[in-house]
Amino acid sequence: LGERTFAQASDAKPGDAEAIEAISQTRLAAIETGNKATDQVAMEGLQGLTLFLRDKTALEPADPVMVDPETDELTFYPMLYWPIDPDAPMPSEKAIQRIDAYMQAGGTVLFDTRDQGSGSYSLSDNTSPANERLRAILNDMNVPPLEPVANDHVLTKSFYLLDEFVGRYRGSPLWVEQVLDTVSRQDRP
């Protein structure tokens with residue numbers, strides 16, 4: 001009776017240990033574009049954000065990673081950063097389907113065209129190469145209509161001490177899912 005035995009899972013599969021390791025800590029991830037300079041900037045930005053989160057919040061995320069949406073398991077990451085590079089190869093149909101499934105399951109993707117827009121705040125009117133690539137990527141995805149964050153949006157209310165959403169460029173809009181079922185601004189949730 002002095003000897004202890006532990007149950008072993010009889011249905012363990014190859015990769016289970018890696019999956020357990022991947023979900024043991026929260027980490028930020030970026031979609032690999034294939035452009036070394038773009039990927040390096042993305043990783044440096046995520047590393048800086050990770051350090052900031054460790055320093056200023058109770059969250060202690062692990063080091064960020066680059067992911068390939070065609071082969072890597074995306075559900076391990078609460079948010080994916082995707083720097084849109086018009087010169088990078090177009091993602092495969094499988095990669096786009098996996099990103100779409102990730103978003104449909106509740107995952108968040110931050111698409112960054114990195115071009116500060118063309119002065120227009122309408123995604124449909126902006127014809128920069130990065131926005132053209134983003135449109136091509138989103139063409140086969142189930143993405144809801146977007147709108148700039150309104151003053152009465154929950155994000156604006158959550159960060160009420162900020163006058164604007166800080167980002168790469170001052171004054172650039174933050175786009176969110178459009179609220180379609182409201183009759184007037186007063187009906188917004």
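One finds the CZ atom of F76 at 9.5 Å from the CD1 atom of I20 (value rounded to the nearest 0.5 Å). With values rounded to the nearest 0.5 angstrom, I84 atom CD1 is found 9.0 Å from I31 atom CD1. Note that CZ of R135 is 7.5 Å distant from OG of S128, once rounded to the nearest 0.5 Å. Interatomic distance, N131 CG to F111 CZ, rounded to the nearest 0.5 Å: 12.0 Å. Between the CG atom of N35 and the CD atom of Q40 there is a distance of 10.5 Å, given to the nearest 0.5 Å. Note that CD of Q47 and CG of L28 are 10.5 Å apart. Values are rounded to the nearest 0.5 Å.
Residues I96 and L138 share a hydrophobic cluster, clusters being chains of Ile/Leu/Val/Met/Phe/Trp/Tyr side chains in contact below 4.5 Å. Placement of L46 and F52 in two distinct hydrophobic clusters is found when ILVMFWY residues are connected by side-chain heavy-atom separations under 4.5 Å, directly or transitively. Residues L80 and M90 share a hydrophobic cluster, clusters being chains of Ile/Leu/Val/Met/Phe/Trp/Tyr side chains in contact below 4.5 Å. Linking ILVMFWY side-chain heavy atoms closer than 4.5 Å, directly or via other members, places Y81 and L49 in a single hydrophobic cluster.
The backbone N or O of E32 sits nowhere less than 3.5 Å from a side-chain atom of D39 that would complete a donor-acceptor pair. Without hydrogens or angle criteria, R27 side chain to T50 main chain gives no donor-acceptor distance under 3.5 Å. Judged by distance alone, the side chain of Y102 and the main-chain N or O of Y77 form a donor-acceptor pair under 3.5 Å. Without hydrogens or angle criteria, D100 side chain to M141 main chain gives no donor-acceptor distance under 3.5 Å. Between the Q178 side chain and the P144 main chain, no donor and acceptor come within less than 3.5 Å of each other.
Across every non-hydrogen atom of P69 and L74, the tightest pair is CA-CD2, 4.1 Å. Of all non-hydrogen atoms in A88 and R133, the two that sit nearest each other are O-NH1, 2.6 Å. Residues A95 and P91 approach most closely at CB-CB, 4.2 Å, considering heavy atoms.
Of the charged side-chain nitrogens involved, at least one lies within less than 4.0 Å of a carboxylate oxygen, so that R54 and D63 count as a salt-bridged pair.
Across I137, D112, L110, a single residue satisfies side chain to side chain contact (heavy atoms under 4.5 Å, CB included) together with W82, and that is I137.
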R114 vs D85, test: side-chain contact (heavy atoms from CB on, under 4.5 Å). Steps then yes/no.
CA-CA 8 Å; R114 303 171 307 119; D85 185 340; 3.8 Å; yes

Using the side-chain contact (heavy atoms from CB on, under 4.5 Å) rule, take M79 and V109 through it: C-alpha gap first, then chi angles, then the decisive distance, then the call.
CA-CA 6 Å; M79 185 193 85; V109 179; over 6 Å; no

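Counting only heavy atoms from C-beta outward, the side chains of P86 and E132 never approach each other to under 4.5 Å. Between T33 and P83, some side-chain heavy-atom pair lies under the 4.5 Å cut-off. A heavy-atom distance below 4.5 Å is found between the side chains of R98 and E73.
More than 12 heavy atoms of other residues, nucleotides or ligands shown are found within 6.0 angstrom of CD on E44. The number of heavy-atom neighbours closer than 6.0 Å to CD of E93, taken from other residues, nucleotides and ligands shown, is 12 or below.
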